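Because the structure is a prediction, the values reported are computed rather than measured.
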Amino acid sequence: MRQGSNISDPHSRQGFWLDLDTRKRIRLDYLPNLGVYAVFDVPPSPFQNASRLFIARTPGELAQKLSRARRTKALRSNRVYVEAAVSEADITEPGYEQLVWTVLAGIEQIKSRGDKAALRRIRAALERKGLRPGPRRQDYATKWKIETLRNLSTGVSFENAVTHPARKRALDSARQELWEYCQEFYRWCLLADQHSPGEWQNPKAGRHFREEFGMEFPRDRDAAAEAYRRGKRTVDRTLAAYDHFLKSKKRTHS
């Protein structure tokens, strides 16, 4: 039996081939012992249909399981690929690697078609924080934002739109909070592909807006439309600046 050399990560994971000599008892005391071993029939990569055969936690257990697999003819050949890792979480998951490769390939295809709308949805999904952990936010944390947005929808200035006493004494902080709130609202609309008040009132969307943004429909329809408009304006400006940066970078290298 001999150890191959295909080291993927010397800190959390090491990968190598093992040739099993059928004439000898399997001894693996010399192998790196990072924590766990995973045995595959072929190296786990997006381009190979790899199967994970089993996991072992010591060289002795690995040797026993390899001997059993060899006796029961569970191995395709006398060669297996082994990953030594710190924990099971560090072991390569072939299905997940295939998913990542498929997503990356899909993004490249979308980019080649110049589909900016689809790229915006992808960016929004990547930047979206999702539901916040811990207890649900208190009503007072969103009530003043909804009231301010409702006032802004009538055309008044930000200074006059804010009526909450504590926020009125700290307008810069209030502006930043509302700015983030509107961005998050618009990003969720992009992710869910729901862009109109009629779509926002379907049961699933309505539940999300109520739990995450404190909005109730149709009561907060004007505030939601204002949040969407302001969030879209901010995200559009950010993406335009990013596109400008990429174009200038291409001109520099051309």
Side-chain angles (χ1 to χ4, degrees), residues 103 106-107 110-111 113-247:
V103 170
I107 291 175
I110 292 171
K111 288 169 63 177
R113 293 181 60 177
D115 191 341
K116 292 185 177 181
L119 288 174
R120 291 188 182 195
R121 295 178 64 185
I122 292 170
R123 290 174 184 170
L126 292 174
E127 294 175 2
R128 180 172 176 263
K129 298 177 182 178
L131 294 175
R132 291 167 174 79
R136 184 178 299 173
R137 68 180 67 184
Q138 299 296 321
D139 289 342
Y140 64 79
T142 54
K143 186 176 180 180
W144 76 269
K145 297 184 181 76
I146 295 171
E147 183 178 355
T148 300
L149 287 167
R150 189 182 300 116
N151 294 337
L152 287 169
S153 70
T154 65
V156 302
S157 65
F158 184 80
E159 291 76 7
N160 292 328
V162 178
T163 58
H164 190 283
R167 298 306 192 279
K168 206 167 184 65
R169 290 193 296 268
L171 284 177
D172 288 342
S173 175
R175 194 186 301 272
Q176 178 69 22
E177 284 188 55
L178 194 69
W179 177 73
E180 294 176 354
Y181 178 88
C182 293
Q183 278 195 99
E184 187 69 14
F185 182 92
Y186 178 67
R187 285 169 180 161
W188 190 89
C189 291
L190 277 180
L191 182 63
D193 195 23
Q194 297 188 359
H195 304 277
S196 68
E199 293 173 321
W200 299 340
Q201 294 183 68
N202 74 57
K204 183 177 180 180
R207 182 171 62 254
H208 180 85
F209 288 136
R210 182 171 59 255
E211 294 177 352
E212 184 67 9
F213 298 100
M215 290 183 176
E216 294 279 359
F217 291 97
R219 183 195 67 189
D220 298 321
R221 176 172 173 165
D222 291 342
E226 187 67 20
Y228 180 93
R229 185 181 70 82
R230 289 175 176 268
K232 182 178 186 302
R233 183 175 62 189
T234 300
V235 171
D236 284 349
R237 286 177 178 175
T238 301
L239 293 178
Y242 181 72
D243 289 341
H244 178 74
F245 168 76
L246 291 180
K247 290 178 181 178

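Of all heavy-atom pairs spanning Met215 and Ala227, the tightest one is CE-CB, 4.3 Å. When all heavy atoms are compared, the tightest approach of Ile146 to Ala223 is O-CB, 3.6 Å. Contact between Val156 and Asn151 at its shortest, heavy atoms only, is CG2-O, 3.2 Å. The two atoms that bring Gly214 and Arg219 nearest to each other are O-NH2, 3.9 Å, heavy atoms only.
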- Message: side chain to side chain contact (heavy atoms under 4.5 Å, CB included), that's the test. Do Glu147 and His164 meet it? Break it down for me.
- Response: CA-CA 9 Å; Glu147 183 178 355; His164 190 283; over 6 Å; no
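A 4.5 Å side-chain heavy-atom check between Leu178 and Leu149 finds at least one atom pair inside the cut-off. In this structure, the side chains of His195 and Lys232 stay at 4.5 Å or more apart for every pair of heavy atoms. Counting only heavy atoms from C-beta outward, the side chains of Arg230 and Leu152 approach each other to under 4.5 Å. Within the 4.5 Å cutoff, the side chain of Glu184 has heavy atoms near those of the Phe213 side chain. At least one side-chain heavy atom of Phe209 sits under 4.5 Å from a side-chain heavy atom of Cys189. You'll find the side chain of Glu216 reaches within 4.5 Å of the side chain of Arg210, heavy atoms only. At least one side-chain heavy atom of Lys111 sits less than 4.5 Å from a side-chain heavy atom of Ile107. With contacts defined as side-chain heavy-atom distances shorter than 4.5 Å, the pair Tyr186/Thr234 does not qualify.
Ion pair Glu159/Arg175 flagged as a salt bridge, since at least one NZ, NE, NH1 or NH2 atom sits closer than 4.0 Å to an Asp/Glu carboxylate oxygen.
Here Glu199 contributes atom CD and Asp193 contributes atom CG; the two are 7.0 Å apart, rounded to the nearest 0.5 Å. In this structure, the separation between SG on Cys182 and CZ on Arg229 is 9.0 Å, given to the nearest 0.5 Å. Atom OG1 of Thr163 and atom CZ of Arg150 lie 9.5 Å apart (nearest 0.5 Å).
Under a cut-off of 6.0 angstrom, the local environment of CZ in Arg221 is sparse, with at most 12 non-hydrogen atoms contributed by other residues, nucleotides or ligands.
Screening Trp188, Tyr181, Trp200 for a ring-ring contact (aromatic ring centres under 6.0 Å, His included) with Tyr228, the sole residue that qualifies is Trp200.
At least one donor-acceptor pair under 3.5 Å links the side chain of Asn202 to the backbone N or O of Ala205.
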